[in-house]
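Note sheet for the following structure.
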Amino acid sequence: MKLTLDCVSTGPLFSLPHTSGLAYLLSKAHISYAHLPLEALVCEQCHLAPVPDYPIAAIAAAEDGLDVGNAYWLRAHPVHLMLQRDSFSLSEPCPLRVSQEHAQSMMLTLNQHFKQDGLNFCLGDSGAWYLSLAQSPQVKTALPAMAMGKNIAHFMPQGANASRWVSYLNEVQMLLHGHRANATREQEGGVVVNSVWLSGGGAMPAPSKMKVEFDCFAGNDVFYKGLAKHSGVVYQAVSTSLQDSISQLSKQSSVRLQLAYQTLLDDNTFQVLLDGLRTKKISQLVINLACYEQTLVARIKPIDLYKFWRKSKPMSVYLA
């Protein structure tokens, strides 16, 4: 089986020592860097073009209990913008986890305010936030990975209607400031939702007629489920155990698996991958490791494990 793992990196991953299982695997791999966020790389490899955004929202919403129809959809991630010395930055995690009760309360406020403007905020079954529009907003948005930890002024909507959409976002921030749901979150020690991050805009694309290199997408994510349908391949929901997931997928020849970032911090994960390579149950392993605006791509074959002269390095060397 050829196995491709899509992994989102976070702060703790940067501090993993050279003795970690992931560092050992990377020491044996052929390393390259794609100058695209992971989400963009996945879209490109599934023959989805940005027009001007990758249509991530519509594909995900269609598998998230929403009727996408012919509308234009955007993801509207609930986020926390952090005040820096002279700017605001986008904080991790993105999106924030928000209870259904609080999400519905915030969306009611937003929808009441923006009804006359034709903006309709929607909550998916997964808890994801979306924005539905009757027509294209005539702006290009930035994927959140591009803006993480940076001055958001450089990543605001761009295009013919940019000023209108920046104004909408300012209104969203005013509506969320002091919202009763945020007051409750703050009392409970949570992070307040003080804005939304718009990205992944577009209408639902027609099914792709171009063949992808995978015969199965696997994960627990509505976007991956939607990608599988768009690409005309099998989708498999997977266990939280990588060992169990690989066993479930063993009959597939080429699998794209979304790996939860928590799994990356568990050395057992990489022992499973090493065992798969050593026994040749995995004939080729590709690890796509998201690192904000770029993606580290590591390719490993069983024979690469014999490169004993290659020494492990701390993860910070790879992710700097």
Quick check: closest heavy atoms across [X] and [Y], and the distance to 0.1 Å?
X	Y	result
Val238	Gln248	CA-OE1, 3.8 Å
Leu66	Trp73	CD1-CZ3, 3.9 Å
Ser91	Met82	OG-CB, 3.4 Å
Met107	Leu123	SD-N, 3.7 Å
Ala228	Val234	CB-O, 3.9 Å
Thr141	Ser199	OG1-CA, 3.1 Å

Please tell me if the side chains of [X] and [Y] come closer than 4.5 Å, counting only heavy atoms from C-beta onward.
X	Y	answer
Asp6	Ile287	no
Val98	Val193	yes
Ile31	Tyr33	yes

Regarding [X] and [Y], is there a side-chain donor-to-acceptor distance under 3.5 Å anywhere?
X	Y	value
Ser27	Arg310	no
Tyr130	Asp64	yes
Gln243	Ser241	no
Glu63	Tyr235	no
Gln271	Asp275	yes
His113	Glu171	yes
Gln138	Arg164	no

Verify, without hydrogens or angle tests, whether [X] (side chain) and [Y] (backbone) share a donor-acceptor contact under 3.5 angstrom.
X	Y	result
Trp129	Arg75	no
Ser231	Leu227	yes
Trp197	Ala142	yes
Arg185	Val191	yes
Ser87	Gln84	no
Ser312	Thr19	no
Asp53	Pro55	no
Asp267	Ser20	no
Asn161	Pro137	yes
Asp117	Leu119	no

Nearest-0.5 Å distance that lies between atom [atom1] in [X] and atom [atom2] in [Y]:
X	Y	atom1	atom2	value
Glu293	Leu143	CD	CG	12.0 Å
Leu26	Ile300	CG	CD1	6.5 Å
Gln187	Thr184	CD	OG1	5.5 Å
Ser283	Lys2	OG	NZ	6.0 Å
Arg256	Cys46	CZ	SG	5.5 Å

Stepwise side-chain hydrogen bond (donor to acceptor under 3.5 Å, both in side chains) test for Thr295 and Asn288: CA-CA 6 Å; Thr295 304; Asn288 293 321; over 6 Å; no
All side-chain hydrogen bond (donor to acceptor under 3.5 Å, both in side chains) counterparts of Gln173, not counting sequence neighbours: Ser195
Pair Leu3-Val286, side chain to side chain contact (heavy atoms under 4.5 Å, CB included): steps then yes or no: CA-CA 6 Å; Leu3 179 62; Val286 178; over 6 Å; no
Surrounding [atom1] of [X] (heavy atoms of other residues, nucleotides or ligands, distance under 6.0 Å), is the total greater than 12?
X	atom1	result
Met156	CE	yes
Ile303	CD1	no
Lys28	NZ	yes
Lys150	NZ	yes

Criterion side chain to side chain contact (heavy atoms under 4.5 Å, CB included) on Val79 and Val196, from CA distance to verdict: CA-CA 5 Å; Val79 298; Val196 297; 5.6 Å; no
Electrostatic pair Asp304-Lys307, nearest N-O below 4.0 angstrom: yes
Distance flag, aromatic centroids of Tyr168 and Phe114, threshold under 6.0 Å: yes
Step-by-step side chain to side chain contact (heavy atoms under 4.5 Å, CB included) determination, His177 to Asn182: CA-CA 8 Å; His177 178 72; Asn182 267 328; over 6 Å; no
Lys281 and Ile246: CA distance, side-chain angles, deciding distance, side chain to side chain contact (heavy atoms under 4.5 Å, CB included) verdict: CA-CA 9 Å; Lys281 289 180 180 178; Ile246 291 176; 5.9 Å; no
